[in-house]
Amino acid sequence: KVLLCQARVRGFLARQQAIERQRAVPVIQSLARMKNAREHFLEMKCAAVLLQCVVRGWLASLMYQRAMQRTILMQSKIRSFVKKVQFQRYQMSAVTIQAEARVWKAKRMHAKLRHDHALLVNATATILQAAYRGYTFRKVLTSTNKLAIQIQKSARGFLARC
């Protein structure tokens, strides 16, 4: 009788353990699925963070390149403007120097003509004045043509460099 009682108790305990194991299986499976889901979530999160970093880097690089292009363009425009102003100053200086040279030359020639006029008769003075006017006109015309050609060369060179 004691053996029978012990066998029943052992059977009862074994069934209880089996029931507890059966109840523990879904819990263990749930914990395993939770662990797998968490690992998958962390992998996806790391991948998303990496992707965000790459995209931010690409966008920053793109913005930097555009800023550099705009900076280079602006520097080019400023250099072009400075060169144009410098060219205009040189041109005005050349014109001023040429005008002063012509005035000085005209004064010198005028003094010579006044002296010659006093020595020569009216007809000789008229011939000299006509010759002088023709000479100065041709010289001014020649120098004007040369100056125009030089200005055109400079302008074409300047436009070609721009």
Side-chain angles (χ1 to χ4, degrees), residues 23-162:
R23 287 183 187 156
V25 167
V27 173
I28 292 171
Q29 288 174 343
S30 174
L31 290 174
R33 281 193 299 267
M34 181 178 70
K35 182 180 179 253
N36 288 340
R38 180 156 179 74
E39 287 176 359
H40 180 69
F41 169 76
L42 291 175
E43 288 176 8
M44 296 300 284
K45 182 179 177 183
C46 287
V49 168
L50 179 64
L51 181 63
Q52 288 172 348
C53 287
V54 169
V55 169
R56 283 190 198 110
W58 177 74
L59 288 175
S61 173
L62 188 64
M63 288 173 57
Y64 175 76
Q65 288 174 353
R66 287 181 180 166
M68 284 301 292
Q69 287 173 348
R70 286 188 291 249
T71 302
I72 290 169
L73 179 64
M74 186 173 22
Q75 289 172 344
S76 172
K77 295 290 184 183
I78 289 171
R79 278 194 293 271
S80 172
F81 175 75
V82 167
K83 290 291 183 184
K84 182 178 179 181
V85 169
Q86 188 179 29
F87 174 75
Q88 289 173 347
R89 285 182 185 162
Y90 289 152
Q91 187 179 19
M92 289 302 294
S93 298
V95 168
T96 303
I97 290 170
Q98 290 169 352
E100 290 296 323
R102 283 192 293 270
V103 166
W104 176 79
K105 187 176 180 181
K107 284 181 181 178
R108 199 174 84 193
M109 292 297 287
H110 181 64
K112 183 181 176 189
L113 287 176
R114 286 176 73 199
H115 177 71
D116 288 346
H117 180 58
L119 298 176
L120 298 176
V121 291
N122 191 20
T124 308
T126 304
I127 293 171
L128 285 175
Q129 288 173 354
Y132 174 72
R133 282 194 294 271
Y135 168 76
T136 56
F137 179 76
R138 284 188 303 278
K139 187 149 190 149
V140 167
L141 185 62
T142 303
S143 68
T144 304
N145 285 342
K146 286 180 182 178
L147 181 61
I149 290 170
Q150 183 64 34
I151 290 171
Q152 288 172 351
K153 284 182 184 177
S154 297
R156 286 185 188 121
F158 177 75
L159 291 175
R161 288 187 297 274
C162 292

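Nothing here was measured: the structure is a model prediction, and the numbers come from that model.
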With sequence neighbours left out, the residues meeting salt bridge (charged side-chain N to carboxylate O under 4.0 Å, His left out) with E39 are K35
Under the side-chain contact (heavy atoms from CB on, under 4.5 Å) test, residues paired with [X] that sit two or more places apart:
X    : result
K77  : L73
L59  : V55
I78  : M74, V82
R108 : W104

Without swapping roles, check the side chain of R38 against the backbone of M34 for a donor-acceptor pair under 3.5 Å. no
Within [range] or reaching into it, pairs that qualify as side-chain hydrogen bond (donor to acceptor under 3.5 Å, both in side chains) - sequence neighbours excluded:
range            : value
residues 42-67   : none
residues 144-153 : none
residues 80-95   : Q86-Y90

Give, for atom [atom1] of [X] and atom [atom2] of [Y], the distance between the pair rounded to the nearest 0.5 Å.
X    : Y    : atom1 : atom2 : result
N36  : L31  : CG    : CG    : 11.0 Å
T136 : K105 : OG1   : NZ    : 8.5 Å
S154 : L159 : OG    : CG    : 10.5 Å

Give the table of side-chain donor-acceptor pairs shorter than 3.5 Å for residues 94-101, with sequence neighbours excluded, one pair per line with atom names and distance.
unit_1: T96; atom_1: OG1; unit_2: M92; atom_2: O; d: 2.8

Tightest non-hydrogen contact, residues A106 and Y132, listed as CA-OH, 4.0 Å
